[in-house]
Amino acid sequence: MRSMSRARVARRIAAGAAFGGGGIGLAGAAAVGLVLAEVQLAKRSVGNGIAPIPPRANGLYGRSYADGSPPLRLTMLGDSTAAGQGVRRARQTPGALLAQGLAAVAERPVELLNVALPGAQSDDLDRQVTLVLANSGPVPDVCVIMIGANDVTHRMPPTKSVRYLSAAVRRLRTAGCEVVVGTCPDLGSVEQVYQPLRWLARRVSRQLAAAQTIGVVEQGGRTVSLGDLLGPEFSANPREMFSLDNYHPSAEGYATAAMAVLPTVCASLGLWPAEEERPDATRNEGFLPVARAAAQAASEGGTEVTAAMPTGPRGPWALLKRRRRQRIEEPEPAAPAPAASAPSEPTERAAP
């Protein structure tokens, strides 16, 4: 029942994003306002709200696989989570972990470019995509976007949030890139957010994640839910899963997220076994209307949603997959990226 309700809300948000509708209702605005105040207090309680610039992980991974063929190109976009804020070593960032894992599966080197900006909201994706596509080199083979938490805490109307994300996915897909989006994480898992605001934070986060999924799938991208993945596991092991600032993931937390996202990244490039692409009924995988698939995915971390069928009487359909997570070995330091691929040093836009 709760899944059906979330599907209806997600569908309304996605429709509003497509047709220029408004934002959330008064009750939703009040809830988000309380969540914002609580999260801001949580961030100020640790390190005076100041977080270091994430380590730069751009470069070439999987050099041992070099055989003369050009490397695969992986680009990270989004906010502090995509940038890897909270860890000290470049090899602990999600971009480096995904590059290493992709290189191992493809048995090819992977060139990583990260243009994510700590503190970014979805309206910054237009600038990031422009930076990626303006690069003098080939377009990326696959782009991974992780965005949404700052949209919630800064009270961006979810219709606008989804509209910006959908536009970014559309531009990247039109340019020939595969796109995988890690949807809004569960802000209810932040240790300093207390009840009753914790369940409000979880509800708003999951509503946005479901709406993001609808927008992304309709533009030809794939999504992986990070909400529940970074919920119970983080709540059960906060000292291990959160970094010293108690807000961003730790190295173990990023590794957990990267393990969930890697199979979808590989599948988007045709690198996953064909038999794994068929729905497995024993794992409750299958074809669903996209809104229902989005709602279910928002409640279960690591769940993938991708377009599957043409639009029917019940709307677009999607394939819901519960892929097995893949352990990723922590990579060696990357070889420096070519100068043309390196963006300017990021500057934190706002409190992440």
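The basis for the numbers below is simple: all heavy atoms, side chains too, and nothing from hydrogens, waters or symmetry mates.
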Next on the checklist: To check you understand the geometry: which heavy-atom pair defines the closest contact between Leu60 and Pro109, and what is its length?
Outcome noted: CD1-CB, 4.0 Å
Next on the checklist: If you compare all heavy atoms of Leu320 against all heavy atoms of Ala293, which two are closest, and at what distance to 0.1 Å?
Outcome noted: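 Distance-wise, the nearest heavy atoms are CD1-O, 3.6 Å.
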State whether the side chain of [X] and the backbone N or O of [Y] hold a donor-acceptor pair below 3.5 Å, judged by distance alone.
X: Ser166; Y: Arg163; answer: no
X: Asn150; Y: Ala120; answer: yes
X: Thr213; Y: Ala209; answer: yes
X: Gln128; Y: Gly78; answer: yes
X: Asn114; Y: Arg56; answer: no
X: Ser225; Y: Ala297; answer: yes
X: Arg222; Y: Val180; answer: no

Would you check if [X] and [Y] make a side-chain contact, meaning some heavy-atom pair closer than 4.5 Å?
X: Leu165; Y: Ile147; answer: yes
X: Val216; Y: Ile214; answer: no
X: Val132; Y: Val115; answer: yes

Next on the checklist: With clusters defined by side-chain heavy atoms of hydrophobic residues (ILVMFWY) lying less than 4.5 Å apart, directly or transitively, does Tyr65 cluster with Val110?
Outcome noted: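 No, Val110 does not connect to Tyr65 through the hydrophobic network.
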Next on the checklist: Between Leu74 and Trp272, is there shared hydrophobic-cluster membership here, with clusters defined by ILVMFWY side-chain heavy atoms closer than 4.5 Å?
Outcome noted: yes
Next on the checklist: Any salt bridge linking Arg108 with Asp67? Criterion: basic side-chain nitrogen under 4.0 Å from a carboxylate oxygen.
Outcome noted: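 No, this pair does not count.
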Checklist entry - Could Glu285 and Arg278 be called an ion pair, given the rule that one side-chain N must be under 4.0 Å from one carboxylate O? => result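 Between Arg278 and Glu285 there is no salt bridge, as every charged N stays at least 4.0 Å from the carboxylate O atoms.
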Checklist entry - Are side-chain N/O atoms of Thr130 and Arg171 paired as donor and acceptor at under 3.5 Å? => result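 Indeed, the side chains of Thr130 and Arg171 share at least one donor-acceptor pair under 3.5 Å.
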Next on the checklist: Whether the Thr183 and Gln212 side chains hold a donor-acceptor pair (N or O, under 3.5 Å, no angle test) is what I'd like checked.
Outcome noted: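 Looking only at side-chain atoms, Gln212 and Thr183 do not form any donor-acceptor pair under 3.5 Å.
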